[in-house]
Amino acid sequence: MHSKLIASAALLGLMMTTSVFAQEAAVPKQTVNDALRARLPEKIRTDGKMISVNNGSFPPYEIVTGTKLTGASADLTDAIGQMLGVEIEHETVSGLSALLAGINSGRYQFAFGPIGDFKSREEANDFVDWVQEYVVFSVQKGNPKAITSLDSACGNRIAVMAGGSAEKVIQAQVEKCKTDGKPAPEVQSYTDQPSSILAVRSKRADAFFSSQAPLTYFVSQANGQLELSGVGQKNGFEDLYQGAVVPKGSSLGPVLLDSIKALMDNGAYAAIMKKWGLENNMIKQPGLNLGGVLPK
């Protein structure tokens with residue numbers, strides 16, 4: 001319980017400094033695109049709103065404070081709502097499985113995410129991919145353990161998110177290190193990102209292996225204590241795409257896809273991504289179901 005309280009305090013501190021991280025940027029207000037609005041499911045047009053679901057803070061994309069959502073995803077969904085002439089409300093649930101179940105039951109129309117797009121997940125849902133992601137290491141300033149790749153993780157204490165794809169990759173690396181005659185990494189699995197990053201800051205872990213976008217955010221808030229490492233490498237993954245999630249075969253998917261394309265064309269997408277320090281995660285064109293295979 002004590003560690004949970006510390007993690008919660010750490011996350012609160014990060015949220016309080018969000019305004020420092022987010023760069024001032026002029027985001028153009030959107031006008032209604034009648035052609036796109038006409039393609040919305042009739043019930044959405046009649047209700048004049050959609051509900052987007054999230055599973056908690058995923059900074060700098062989704063930052064949940066009470067019932068308020070801020071971050072790049074909030075800015076982008078605001079722009080999409082303006083373009084489609086509907087209000088987009090946000091609700092938070094606990095965990096990815098609850099999020100997907102809520103979408104597929106019709107309780108929520110979509111999740112903007114971004115959520116990892118993998119072929120196994122595409123069996124039940126469609127993904128509208130709007131960012132490309134990478135998996136890298138967050139290490140102590142100066143990288144004293146010289147952790148720059150999966151191979152250099154051997155013999156070090158590596159924090160990961162429990163149940164995530166990065167945990168699978170590190171567990172596979174444990175066996176590879178042993179086969180190569182090297183000491184295995186000590187895998188530390190945490191239930192949330194603040195606990196994981198706190199483990200590195202307090203030197204209980206040597207690195208946190210996770211998605212580049214949130215790690216960039218956490219490093220920016222660490223008062224110079226942390227840095228990124230392993231940037232620009234595959235690190236056990238294929239090309240990674242993340243995006244919005246809708247029910248399989250939903251007509252809403254193509255509407256969201258073309259809405260994002262329109263935001264790219266008019267500069268709003270780039271302005272929002274740059275505002276939140278996400279230039280390195282921008283995708284040239286959004287796509288439907290671009291995902292690869294989850295690491296085994």
Side-chain angles (χ1 to χ4, degrees), residues 1-22 54-66 68-73 92 94-96 114 116 133-150 152-171 173-174 184-231 235 276-278 281:
M1 175 64 72
H2 183 60
S3 63
K4 287 185 178 180
L5 289 173
I6 292 175
S8 297
L11 181 56
L12 178 60
L14 289 171
M15 289 175 179
M16 290 174 67
T17 56
T18 295
S19 59
V20 177
F21 181 80
N54 63 76
N55 62 347
S57 289
F58 180 45
Y61 292 111
E62 298 175 316
I63 303 170
V64 180
T65 309
K68 183 175 177 58
L69 181 75
T70 57
S73 297
T92 301
S94 179
L96 181 61
E133 188 52 281
Y134 308 88
V135 180
V136 299
F137 297 93
S138 172
V139 298
Q140 293 153 21
K141 188 68 176 178
N143 197 6
K145 295 299 182 75
I147 300 170
T148 58
S149 65
L150 285 175
S152 58
C154 296
N156 289 302
R157 301 166 299 172
I158 310 298
V160 291
M161 291 284 288
S165 52
E167 184 182 48
K168 292 183 179 181
V169 169
I170 286 294
Q171 292 292 1
Q173 186 63 28
V174 168
E186 176 191 313
V187 181
Q188 300 179 5
S189 299
Y190 294 91
T191 57
D192 55 53
Q193 291 175 322
S195 298
S196 304
I197 208 73
L198 185 62
V200 181
R201 292 184 69 170
S202 63
K203 300 185 179 180
R204 289 181 286 112
D206 300 309
F208 177 26
F209 185 54
S210 189
S211 298
Q212 177 175 287
L215 285 189
T216 300
Y217 176 85
F218 284 121
V219 166
S220 76
Q221 305 301 315
N223 298 319
Q225 293 179 307
L226 303 176
E227 63 184 60
L228 295 182
S229 183
V231 174
N235 291 327
W276 292 96
L278 291 163
N281 295 91

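Since the structure is predicted, the reported quantities are computational estimates derived from the model, not experimental observations.
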### Query
Hey, does Val169 have a side-chain heavy atom less than 4.5 Å from the side chain of Val135?
no
### Task
Would you tell me whether Asp206 and Gln140 have side-chain atoms, one donor and one acceptor, within less than 3.5 Å of each other?
no
### Query
Mind checking whether Pro59 and Trp276 have side chains closer than 4.5 Å, heavy atoms only?
no
### Query
Do any N or O atoms from the side chain of Gln188 and from the backbone of Arg204 form a donor-acceptor pair under 3.5 angstrom?
yes
### Query
What are the two closest non-hydrogen atoms of Pro114 and Phe58, and how far apart are they?
O-CE2, 3.6 Å
### Message
To check you understand the geometry: which heavy-atom pair defines the closest contact between Leu215 and Phe137, and what is its length?
### Response
CD1-C, 4.1 Å
### Task
Evaluate the side-chain proximity of Glu133 to Gln212: yes if any heavy-atom separation is below 4.5 Å, no if none is.
yes
### Query
Any idea which heavy atoms bring Thr216 and Gly277 closest together, and the distance?
CG2-O, 4.5 Å
### Query
Taking C-beta and beyond as the side chain, do Phe209 and Leu150 meet within less than 4.5 Å on heavy atoms?
yes
### Closest non-hydrogen atom pair, Ala199 against Ser202
O-OG, 3.3 Å
### Query
Rounded to the nearest 0.5 Å, how far apart are CZ of Phe218 and CZ of Phe208?
7.0 Å
### Message
Any heavy-atom pair between the side chains of Asn281 and Tyr61 that's under 4.5 Å?
### Response
yes
### From Gln173 atom CD to Ile158 atom CD1, the distance as rounded to the nearest 0.5 Å
9.5 Å
### Separation of Asn54 CG from Ile63 CD1 (nearest 0.5 Å)
11.5 Å
### Message
On a heavy-atom basis, which atom in Ala205 and which in Ala159 lie closest, and how many Å separate them?
### Response
CB-CB, 4.1 Å
### Query
Any donor-acceptor pair under 3.5 Å linking the side chain of Glu227 with the backbone of Val219?
no
### Query
Is there a side-chain contact between Val174 and Pro185 (heavy atoms, below 4.5 Å)?
yes
### Query
Are any non-hydrogen side-chain atoms of Lys145 and Val139 less than 4.5 angstrom apart?
no
### Message
Strictly distance-based, threshold 3.5 Å: is any side-chain N or O of Arg157 a donor or acceptor partner for the main-chain N or O of Lys203?
### Response
yes
### Query
Does the side chain of Gln225 reach to within under 4.5 Å of the side chain of Lys141, using non-hydrogen atoms?
no
#### Entry: Closest approach of Ser138 to Val200 (non-hydrogen atoms, all atoms of both residues)
O-CG1, 4.0 Å
### Query
So, Ser229 side chain and Ile147 main chain: donor-acceptor pair closer than 3.5 Å or not?
yes
### Query
In Å and rounded to the nearest 0.5 Å, what is the CE to OG distance from Met161 to Ser195?
8.5 Å
